[in-house]
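Working notes for the structure below.
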Amino acid sequence: MQLQQLSYFVAVAEVRHFTQAAEILRVAQPSLSKQIRALETELGASLFSRARGNITLTPAGEALLPLAKRILADVDTARLEVQELAGLRRGRVRLGATPSLCAGLLADVLRRFHDAYPGIRLLVEEGGSRDLVRELTRGSLDLALVILPLHGDPPLETTPILREHLVVASPAGTSPAQVPRRAHLRIEDLRNRPLVMFRSGYDLREATIGACRAAGFEPRFAVEGGEMDAVLRFVEAGLGIAVVPSMVLAGRPGLRGTPLVLTERSNGPGPDVPADAGAVGGQQLRRAQPPPDLLRTIALARRKDVQPTHAARAFQDTLMTFLVEAALAGSLPAGVETLVSA
């Protein structure tokens with residue numbers, strides 16, 4: 001089995017057309033077909049079904065495709081790793097990040113890294129945490145900033161780096177009748193209020209819906225299906241409110257962020273209540289605590305079975321140093337705290 005054969009196979013599988021794949025690869029179509037047949041002969045199975053001009057993957061082809069992509073990605077990484085031995089003058093970092101980080105502090109980290117290593121190419125993929133975990137596992141990314149806990153049991157090593165509060169975003173000029181003007185809002189305050197909701201695949205969507213259901217109601221959507229920028233713009237336009245990470249509101253004067261909390265009641269003073277705390281109806285109020293589902297932990301993730309390249313390690317060091325310095329300087333976005341120690 002040759003790497004060229006695998007690259008030809010992946011190209012055809014992606015476009016489902018032999019002639020188009022040959023044009024993309026800049027090879028003659030008969031040569032591409034010959035290599036595909038040789039690969040099928042070696043594997044002892046057909047990889048494509050060629051019926052009436054329609055090209056589809058056979059079960060064997062479906063099984064081979066993710067493996068072939070991963071092999072090619074690992075070979076590419078190995079090639080770059082050897083090149084980087086020249087002293088980080090060349091190389092590449094493929095980084096995945098959630099929209100909140102892309103819209104927040106990531107730009108400053110990327111600028112610092114680029115200033116230190118101008119010869120290293122930075123390739124950033126923005127997406128939901130679950131999508132990033134899948135791409136990282138496949139070998140399409142070197143590092144990814146994802147939300148914990150991970151779903152399933154992906155073969156990844158994670159390092160928690162940030163904790164961020166989620167807030168209710170509403171237009172700055174919203175009347176108290178639409179959104180109460182309080183220091184905090186409870187999940188119950190979202191009942192019967194129109195929400196602007198992210199597309200499926202966002203962990204934030206699942207967290208918000210799950211928190212509402214845990215509170216005993218189904219959320220009402222005014223608009224759904226957007227990415228982060230679209231959701232914030234829809235909220236600014238007055239279409240509804242949205243639960244978002246606090247850091248994305250920085251630099252958006254048209255939006256107001258109100259932290260989400262739960263208010264717990266008990267028959268006696270709780271451990272977080274001062275002795276002189278007030279009581280309502282004979283019940284002592286505990287200090288409001290952020291609910292677990294609405295307090296997110298962000299981690300830097302990489303594959304366990306592949307050592308990071310020199311460039312990826314340099315980016316990780318740059319990121320950690322930046323977070324420590326930002327925390328000491330008090331320049332992290334509101335509602336964000338670092339989990340990285342000096």
Side-chain angles (χ1 to χ4, degrees), residues 97-108 126-129 145 147 162-263 288-298 326 330-337:
T98 60
S100 62
L101 288 168
C102 288
L105 54 79
L106 185 58
D108 292 332
E126 181 180 354
S129 184
L145 294 164
I147 308 302
L162 288 172
R163 183 177 292 123
E164 62 177 346
H165 289 263
L166 301 183
V167 300
V168 176
S170 59
T174 302
S175 68
Q178 294 173 300
V179 179
R181 289 186 177 275
R182 299 200 297 263
H184 300 88
L185 290 176
R186 301 171 303 155
I187 287 296
E188 289 81 358
D189 292 322
L190 304 184
R191 188 191 299 266
N192 297 324
R193 298 187 188 278
L195 296 180
V196 178
M197 183 53 66
F198 299 94
R199 65 169 173 81
S200 298
Y202 267 64
D203 285 71
L204 193 50
R205 174 190 176 99
E206 306 308 322
T208 303
I209 294 175
C212 291
R213 288 174 176 170
F217 67 95
E218 285 292 323
R220 180 163 67 92
F221 299 153
V223 183
E224 62 176 313
E227 303 283 347
M228 180 65 71
D229 285 342
V231 166
L232 295 176
R233 183 67 189 93
F234 293 158
V235 173
E236 286 179 325
L239 291 172
I241 59 179
V243 177
V244 301
S246 57
M247 73 171 70
V248 304
L249 299 186
R252 287 185 176 266
L255 292 175
R256 183 177 81 233
T258 307
L260 275 168
V261 299
L262 291 180
T263 300
Q289 297 292 327
D293 286 342
L294 298 175
L295 186 66
R296 305 202 310 179
T297 299
I298 299 169
S331 58
L332 286 173
V336 178
E337 58 183 293

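Just the heavy atoms: all of them, side chains too, but no hydrogens, waters or symmetry mates, feed the values below.
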Next on the checklist: Set out, in order, the CA-CA distance, both residues' side-chain angles and the distance that settles side-chain contact (heavy atoms from CB on, under 4.5 Å) for F198 and T208, then state yes or no.
Outcome noted: CA-CA 10 Å; F198 299 94; T208 303; over 6 Å; no
Checklist entry - If you measure from CZ on R296 to CG on L162, what distance do you get to the nearest 0.5 Å? => result 11.0 Å
Checklist entry - Do the side chain of R163 and the main chain of E337 share a donor and acceptor less than 3.5 angstrom apart? => result no
Checklist entry - Out of V231, I147, L166, which residue meets the side chain to side chain contact (heavy atoms under 4.5 Å, CB included) rule with L204? => result L166
Next on the checklist: Quick one, E236 with R252, criterion side-chain contact (heavy atoms from CB on, under 4.5 Å). Give me CA distance, side-chain angles, the key distance, then yes/no.
Outcome noted: CA-CA 9 Å; E236 286 179 325; R252 287 185 176 266; 3.7 Å; yes
Next on the checklist: Applying side-chain contact (heavy atoms from CB on, under 4.5 Å) to L260 and I187, what does each step give before you reach the verdict?
Outcome noted: CA-CA 7 Å; L260 275 168; I187 287 296; 4.1 Å; yes
Checklist entry - If you look at every heavy atom in A172 and P253, which pair is closest and at what distance? => result CB-O, 3.6 Å
Next on the checklist: Let's go through E224 and R199 carefully: what are the C-alpha distance in whole Å and the side-chain angles of both, what is the deciding distance for salt bridge (Lys or Arg N to Asp or Glu O under 4.0 Å) to 0.1 Å, and is it a yes or a no?
Outcome noted: CA-CA 6 Å; E224 62 176 313; R199 65 169 173 81; over 6 Å; no
Checklist entry - Does any non-hydrogen side-chain atom of E164 lie less than 4.5 Å from one of P245? => result yes
Item to check | Distance-minimising heavy-atom pair for M247 and P333 | outcome: CB-CB, 3.8 Å
Item to check | Donor-acceptor contact below 3.5 Å, side chain S246 vs main chain A334 | outcome: yes
Checklist entry - Of the non-hydrogen atoms in I241 and S170, which two are nearest, and what is the gap between them? => result CG2-CB, 3.8 Å
Item to check | Closest heavy-atom pair and its distance - M228, Y202 | outcome: N-OH, 3.6 Å
Checklist entry - Checking side-chain contact (heavy atoms from CB on, under 4.5 Å) for the pair T258/D189: CA distance, chi angles, key distance, verdict? => result CA-CA 11 Å; T258 307; D189 292 322; over 6 Å; no
Checklist entry - What is the minimum heavy-atom distance between V244 and A169, and which atoms define it? => result CG2-CB, 3.8 Å
Checklist entry - Atom CG of L232 and atom CG of L255: how far apart are they, to the nearest 0.5 Å? => result 6.0 Å
Checklist entry - Which value, rounded to the nearest 0.5 Å, describes the distance between T98 atom OG1 and I298 atom CD1? => result 5.5 Å
Checklist outcome for this item: Minimal heavy-atom distance between A97 and L106, with the atoms involved, is CB-CD2, 3.7 Å
Next on the checklist: Could you measure the distance from the CZ atom of R256 to the CG atom of L249? Nearest 0.5 Å is fine.
Outcome noted: 11.0 Å
Checklist outcome for this item: dist L190:CG -> F217:CZ (nearest 0.5 Å) comes out at 5.0 Å
